[in-house]
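Shown next, in structure tokens, is the structure this report addresses.
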Amino acid sequence: MEIKFIPIDYDSFDYKGRNYMKMVGRDEKGKRIVVIDSFEPYFWAILKEGTSEKRIKEMQKKMSKISVEGADRITWIEKTEVHEKNFLGKKVRAIKIFITNYKDAHAIADKLDFEEIEYRREYDLGMITKYIFEKGVSPLSWFKVSGELLNNSAELGGIDSSLDVSTCIKADKIEPIAKENFNPKIVAFDIEADEFELGKGEIVMVSVVGKEFKRVLTWKKAKNVPDFVQCYKDEADMLEAFSETIKELEPDILVGYFSDGFDMPYLRARADKNHVKLDLGIDGKNPLFARGKYPSARIFGPVHVDIFRFIETVYAQYLHSETLGLDEVASELLGENKLDFDHKHSSKIDDDGWAEYFKYNLQDSVLTYKLAEKLWPDMLEFSKVIQEPLFDITRAGMSQLLEHYILHNLKSYDEIAEKRPIHDEIESRRGRERVEGAFVFQPTPGLYENLAMFDFTSMHTSIIVSFNISKATLQDKNSKDSYESPEVDYQGKKEKFYFSKKVGFLPDIVKKLIEKRKEYKKEYKQNPNPLSKARSNAFKVLSAAVHGYIGFFGARYYSLESSASILAFVRKYNKEIIDKVSAHGYNVAYADTDSVAFTLNNHSKKEVLELLKRLNDELPGIMELELEDFYVRGIWVTKRTGELGAKKKYALLGENGKLKIRGFETVRRDWCALSRELQDEVLEKILREGKPDNALKKVQDVLEKLKKRKIDKEKLIIKSQLRKPIEEYKAISPHVTIAKRMHELGMPIDVGGLIGFYISEPQSHSRKSLIRDRAKLPEEPGEYDIEYYLEHQIIPAVENIFQVFGIKKEDLLGKKQKSLMEF
DNA sequence: GAGCTCTTCTTACC
DNA sequence: ACTGGTAAGAAGAGCTC
């Protein structure tokens, strides 16, 4: 039979010691189907140069006798082929070694101790990656599958009977076809439990939300429950009903928010405790938890996506939210919030309370559903572009995403993949000295008028392409046809590095990445829609990560020489632009890495654009400088200590009236709201008005209120993140002290959580206590310490700004406030 | 225990 | 441990006298 098929998730299984792939997806009518495919796993033995044909034949013969024996299978080398390939850009002869079971690839590779083998490669790729690479069956693209319909067949050990799906096909042939569009069925879920600690309390409810489906499953009896609530006998009964509900809805994606870290492991723990199965997939298995930063909960059938993890790696840097909690993220991306609800143990909830609780729980799933719907184009594009399944791309870090993109693109270069670094290699890479980074211009504090800013587009990446920089193109010494890096301090020596002019596979892959990014950006601008935006964004995010990847200790294509060279070029071109802009009669105010800001003096905008064109004409390769914007005013301030201008701290007023504030306390979440709001207002007034008069009045007004204790305590809460387990801290700062106290009080705190506190008045007047001893939880009774907030929050936030106008701290405080301190 | 520098820590920028 | 380096700044740690 023949069928159109879009694969969504992949899983391997063994039959008689051999590997098969089972893929779950949809046919063109939207029916869920499973396609089974065989494949011939292999890895490479790269031969030393000059190995004789005779010797190769001998080795092949010996290889045909190699096998390893495991607990439940024997794996052997089935056949070998000799190929001309490339490895790190060099032509090599390599033996392609086909084995009967890929799980034993490492063990077989270890047995190949022939002297003529220089490297053994590609036994460390994931099985699914290997399958997709070899067969070209990429996720979320359409294929024509011809094969045999398995119907309670004994074939492959009766695999089709073990799967809860009506159509299961054993493929003979899988060919790509052009067919766009796929709308997945998304179902979101969220649980509420009596205890925060995984599995400790009972799960009191589970909400499930689909396109036209809203339900809360519970076993708690309450009066006047909303009609979306379905009540069950007990927790076990509810858990089974949850599995049933998911099966009936048959989603492609089962999505949660932080569900790898909370909902799934909790459900699993409670299911075990109640001796019921958490049967969410089509293979009758409990969710599997893979190791990692968070355990990844995997089910087969629907893909379990923890949308929080995808947001964390791909979106966090573009979001303004201070935490990545559901409430803030939904508020920013959807303009909707969680419902207010005061969490209580279920024994203390009355009928009205339950009704609220159910609504709250449902809303969490509604938000999660909407987030998944909104981010679907992004997930789809990432999966298609990187050619890895949804399950993986929603959980992978940036380096893994890029690495898989590279790996799947090696095919057209006939490249054998480099190996992943092993333990010792990682240790030595991590222990190495840092290479010198970018240049940051030392600004002169002051108020500037009439500015422009230029910046390089994807500077690091365009340098990699323009100078062909990579591990494989690095030359031993200066050869005639090579690019020369600027001189760098490298491991205690001054050095230059040389990169071949023959285009390397990695710079070429990156070049295409940038080209696609441009193409899709253009496409998006011509026809703005979520899909083209997502596609453009996927390429943007990937191309931005290339330099970081090359310097990352875990990378297959790690190259410190490359990283040092890229950064040397970054410094060189930034400084060159600064010099050229100055030489043309502009006054450079600031520069950081890939940007330069300058005042126009008497030049027109037209002249600025002409200068930009000239600068671009002088740039090599694909390097490109663009106009960031024109600005009406800008302010740079001194550092807190000393006279020097502070770097990475400035505020600009755009011609469109928008403020661009960088580095100031107002953009830092570890300052209290009062300081941040006041500083924001001060900057805005000064930039709009060009003088500090009204801003000064505002400050004095706030100081007056603070002095009279008329400021709401809420505005004085300082928040700081707990970034590691409490016991690992050497310095016990206020937020660590508070975290300890919260822990003692049995409040839910976890690594990554934001700890809020305020500073209260000192107990005794004589003894100067540590600040941490005066830190109190927001809800703890007490008076805030006026002097602390004055001296440590308000004044520091505005002092340096007014200093630009010669206004001193005393002028801010006025005479009356001065006497307060004596008092 | 005051006054100083150094270290640790968080959060920003690009 | 899960992209890189540069930087500001608060508060504690640790030292001297």
Side-chain angles (χ1 to χ4, degrees), chain A residues 291-294 309 312-313 317 322 395-403 420-421 423 426-427 429-430 433-443 455-456 458-461 541-555 557-558 560 562-564 566-568 570-571 574 590-596 628 637-642 644-650 660-671 675 718-724 728-737 754-755 759 766-775 788 791-793 796-797 800:
Chain A
R291 290 174 290 140
K293 187 176 167 190
Y294 311 105
R309 297 188 65 177
E312 191 184 31
T313 42
Q317 64 179 124
E322 280 171 16
R395 287 170 175 80
M398 224 45 246
S399 68
Q400 267 189 72
L401 290 176
L402 181 64
E403 190 156 277
R420 200 189 291 140
H423 191 73
I426 290 179
E427 283 306 301
R429 289 181 185 181
R430 287 184 63 203
E433 261 179 63
R434 279 188 156 193
V435 293
E436 187 186 349
F439 170 75
V440 187
F441 187 89
Q442 177 71 68
D455 60 11
F456 284 94
S458 313
M459 192 186 202
H460 298 72
T461 318
V541 167
L542 285 176
S543 58
V546 182
H547 169 246
Y549 169 80
I550 288 173
F552 166 53
F553 57 77
Y557 294 103
Y558 172 86
L560 192 56
S562 299
S563 181
I566 294 160
L567 290 165
V570 166
R571 289 190 296 274
N574 193 21
Y590 187 60
D592 184 349
T593 311
D594 60 353
S595 71
V596 57
E628 212 267 340
V637 302
T638 60
K639 288 203 277 185
R640 194 84 78 230
T641 49
L644 287 177
K647 297 172 176 181
K648 300 192 184 284
K649 219 177 163 180
Y650 59 88
K660 178 174 172 154
I661 300 179
R662 295 288 119 100
F664 273 108
E665 285 74 8
T666 188
V667 300
R668 292 183 61 98
R669 68 174 180 190
D670 55 352
W671 283 71
S675 303
I718 298 162
K719 291 179 200 152
S720 195
Q721 195 186 23
L722 193 71
R723 288 163 52 104
K724 54 187 177 187
E728 281 176 28
Y729 280 91
K730 287 183 195 165
I732 309 303
S733 47
H735 83 289
V736 179
T737 313
L754 264 194
I755 310 289
I759 304 303
S766 56
R767 224 173 68 89
K768 203 189 160 191
S769 58
L770 287 169
I771 287 159
R772 65 167 173 233
D773 296 330
R774 295 190 278 134
Y788 172 83
E791 289 291 331
H792 292 258
Q793 288 280 325
N800 299 76

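Since the structure is predicted, the reported quantities are computational estimates derived from the model, not experimental observations. In what follows, chains are A, B, ... by sequence order, proteins preceding strands, each numbered from 1.
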Rounded to whole Å, how long is the line connecting atom CZ of A:Phe439 with atom C1' of B:dC13?
15 Å

How long is the line joining CZ of A:Phe664 and P of B:dT10, in whole Å?
24 Å

Below 4.0 Å: OP1/OP2 of B:dC14 and any side-chain N or O of A:Tyr650
yes

Could you point out which residue of A:Tyr558, A:Tyr549, A:Phe553 forms a side chain to side chain contact (heavy atoms under 4.5 Å, CB included) with A:Ser399?
A:Tyr549

Rounded to whole Å, how long is the line connecting atom CZ of A:Arg774 with atom P of C:dG12?
9 Å

Min side-chain heavy-atom separation A:Phe664-A:Val637 under 4.5 Å:
yes

Nearest-Å distance, CG (A:Asp455) to P (B:dC13)?
15 Å

Kindly write out the residues that satisfy ring-ring contact (aromatic ring centres under 6.0 Å, His included) with A:Tyr650, not counting sequence neighbours, or none if the list is empty.
A:Tyr590, A:Trp636

For the pair A:His792 and A:Tyr788, name the ring-plane relationship: parallel under 30°, tilted 30 to 60°, perpendicular over 60°.
parallel

Respond yes when some side-chain nitrogen or oxygen of A:Arg668 is under 4.0 Å from OP1 or OP2 of B:dT11, and no when none is.
no

When you compare the side chain of A:Asn800 with that of A:Lys639, does any pair of heavy atoms fall below 4.5 Å?
no

Within less than 4.0 Å of OP1 or OP2 of B:dT11, is there a side-chain N or O belonging to A:Lys719?
no

From the list C:dT6, B:dT11, B:dT8, which nucleotide is the closest neighbour of the side chain of A:Arg669?
B:dT11

With each end axis built from five pairs of C1' atoms, what bend angle do you get for the helix from B:dG1-C:dC17 to B:dC14-C:dG4? Round to 10°.
10°

Rounded to whole angstrom units, what separation is found between the CG atom of A:Asp670 and the P atom of B:dC13?
12 Å

Rounding to an integer number of Å, can you tell me how far A:Gln400 CD sits from C:dA1 C1'?
11 Å

When we call it a touch if two heavy atoms are under 4.0 Å apart, what does A:Gly548 touch: a base, just sugar-phosphate, or nothing?
base

Between A:Arg772 and C:dA13, does any side-chain N or O lie under 4.0 Å from OP1 or OP2?
yes

Round to the nearest Å and state the distance from A:Asp592 atom CG to C:dT6 atom P.
11 Å

Check this one for me: any side-chain N or O of A:Arg640 less than 4.0 Å away from OP1 or OP2 of C:dA8?
no

Classify the side-chain pair A:Ser563/A:His547 by whether it contains a donor and acceptor separated by less than 3.5 Å.
yes

Between C:dT3 and B:dT7, how far apart are the two P atoms, rounded to whole Å?
29 Å

Has A:Lys647 got a side-chain N or O lying under 4.0 Å from the OP1 or OP2 atom of C:dA7?
yes

How do A:Arg434 and A:Tyr549 order along DNA chain C: which one's closest nucleotide is nearer the 5' end?
A:Tyr549

Electrostatic pair A:Glu665:A:Lys649 at N-O distance under 4.0 angstrom:
yes

For C:dA8, does either OP1 or OP2 sit under 4.0 Å from a side-chain N or O belonging to A:Lys648?
no

Within-4.5 Å side-chain heavy-atom neighbours: A:Glu628 and A:Ser595:
no

Less than 4.0 angstrom between a side-chain N/O of A:Ser399 and OP1 or OP2 of C:dT3, yes or no?
yes

The residue, A:Ala545 or A:Pro796, whose nearest nucleotide of DNA chain C is more 5′ is A:Ala545

A:His735 vs B:dC9: side-chain N/O to OP1/OP2 distance below 4.0 Å
no

